[in-house]
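See structure below.
We count ligands from 1, going down the list as the structure has it; atoms in each ligand are counted the same way. Basis for what follows: all heavy atoms, side chains included, without hydrogens, waters or symmetry-related copies. Just so we're clear, the structure is a prediction, and the values are computed from it rather than from any experiment.
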Amino acid sequence: KRVGVLISGSGTNLQALIDAVRDPTQHVGAEIVLVVSNVANVEGLRRAERAGIATKVINHKNFGSRVEFDMAVNQELISAGVEIVCLAGFMRILSVDFVEKWRGRLINIHPALLPLFKGTHAQRQALEAGVRVSGCTVHFVEPDIDAGAIIVQETVPIEIYDTEETLIERIKTAEHKAYPAALKLLATGKVRLGSDKKIFWC
Ligand SMILES: Nc1nc2ccc(CNc3ccc(C(=O)NCCCC(=O)O)cc3)cc2c(=O)[nH]1
Ligand SMILES: N[C@@H]1O[C@H](COP(=O)(O)O)[C@@H](O)[C@H]1O
């Protein structure tokens, strides 16, 4: 399967996906053919270039509306023959139009055990809530933020000395295992999004 990855920053999840799809022993069944960032000069773009993957910067500030930006992103994905889209630290909320076009082929990784701690700064939310276990979630993307059907979750213990930074780092280690695992399940047809928006294990 041809995969497109949308980023906005450092791209450590992108790197994990690049490394996994290129490891023949992991049989992910996917190749990353395009990386799109809405922000120029981010580390994620350099990671893609180093890996010989095509990159595009589409600045959302150049568009009159959210939908117009999304349709420009959509056009690039279509032109590259992308079949599955992975959001990896992509920080723009996608319009219903885009989500509907890619429904069932659009996934995201969230740094908490959804449905807990939706939205931004999920790691900080977990620390403030005083939970002793958090983690990460790979889910199908729905118009409602962080509410899509869950594909893979991984738990991460919260240590009493944790700061937001140490927790972010520990959760990222889990993300880098969970995301490739979820992409493999989708790319190899082991999991689908049912018409009832629920997960469907084949
Ligand atoms: N429709 C849909 N689109 C998404 C886009 C990105 C992410 C990644 N997680 C995200 C979750 C929250 C945000 C957010 O609230 N950002 C500040 C507002 C930025 C803006 O104005 O766009 C961004 C990404 C998830 C979703 C999702 O679940 N559904
Ligand atoms: N989607 C969230 O945004 C961050 C992206 O990090 P990176 O992949 O750009 O390093 C990660 O924490 C991920 O959970």
**OP:** Starting from the C-alpha separation in whole Å, work towards a yes-or-no answer on salt bridge (Lys or Arg N to Asp or Glu O under 4.0 Å) for Arg103 and Glu100.
**Re:** CA-CA 5 Å; Arg103 158 163 295 169; Glu100 292 302 334; 3.6 Å; yes

Subject >> Residues Lys177, Glu154; criterion salt bridge (Lys or Arg N to Asp or Glu O under 4.0 Å); working and verdict >> reply: CA-CA 9 Å; Lys177 289 192 306 183; Glu154 186 155 328; 3.1 Å; yes

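With contacts defined as side-chain heavy-atom distances shorter than 4.5 Å, the pair Val131/Leu113 does not qualify.
A search for side-chain contact (heavy atoms from CB on, under 4.5 Å) contacts involving Asp144 returns Ala147, not counting sequence neighbours. Scored by the salt bridge (Lys or Arg N to Asp or Glu O under 4.0 Å) test, Arg50 finds Glu43 as partners (sequence neighbours excluded).
Side chain of Asp19 to backbone of Ala16: no donor-acceptor contact under 3.5 angstrom is found.
Side-chain contact of Ser79 with Glu76: a donor-acceptor pair under 3.5 Å is absent, judged by distance alone.
Between His60 atom NE2 and Asp70 atom CG the span is 11.0 Å, to the nearest 0.5 Å.
When all heavy atoms of Ala112 and Ser134 are compared, the pair lying nearest together is CA-OG, 4.0 Å.
Pocket lining of ligand 2, defined as residues with a non-hydrogen atom under 4.0 Å away: Ser10, Gly11, Thr12, Asn13, Gly89, Ile109, Pro111, Gln123, Lys172, Glu175.
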Quick one: ligand 1 N/O to protein N/O pairs below 3.5 Å?
residue: ligand 1; atom: 1 (N); partner: Leu94; partner atom: O; Å: 3.0
residue: ligand 1; atom: 1 (N); partner: Glu142; partner atom: O; Å: 3.3
residue: ligand 1; atom: 1 (N); partner: Pro143; partner atom: O; Å: 3.2
residue: ligand 1; atom: 3 (N); partner: Leu94; partner atom: N; Å: 3.0
residue: ligand 1; atom: 21 (O); partner: Arg66; partner atom: NH2; Å: 3.0
residue: ligand 1; atom: 22 (O); partner: Arg66; partner atom: NH1; Å: 2.8
residue: ligand 1; atom: 22 (O); partner: Ile93; partner atom: N; Å: 2.8
residue: ligand 1; atom: 28 (O); partner: Asp146; partner atom: N; Å: 2.8
residue: ligand 1; atom: 29 (N); partner: Glu142; partner atom: O; Å: 2.8

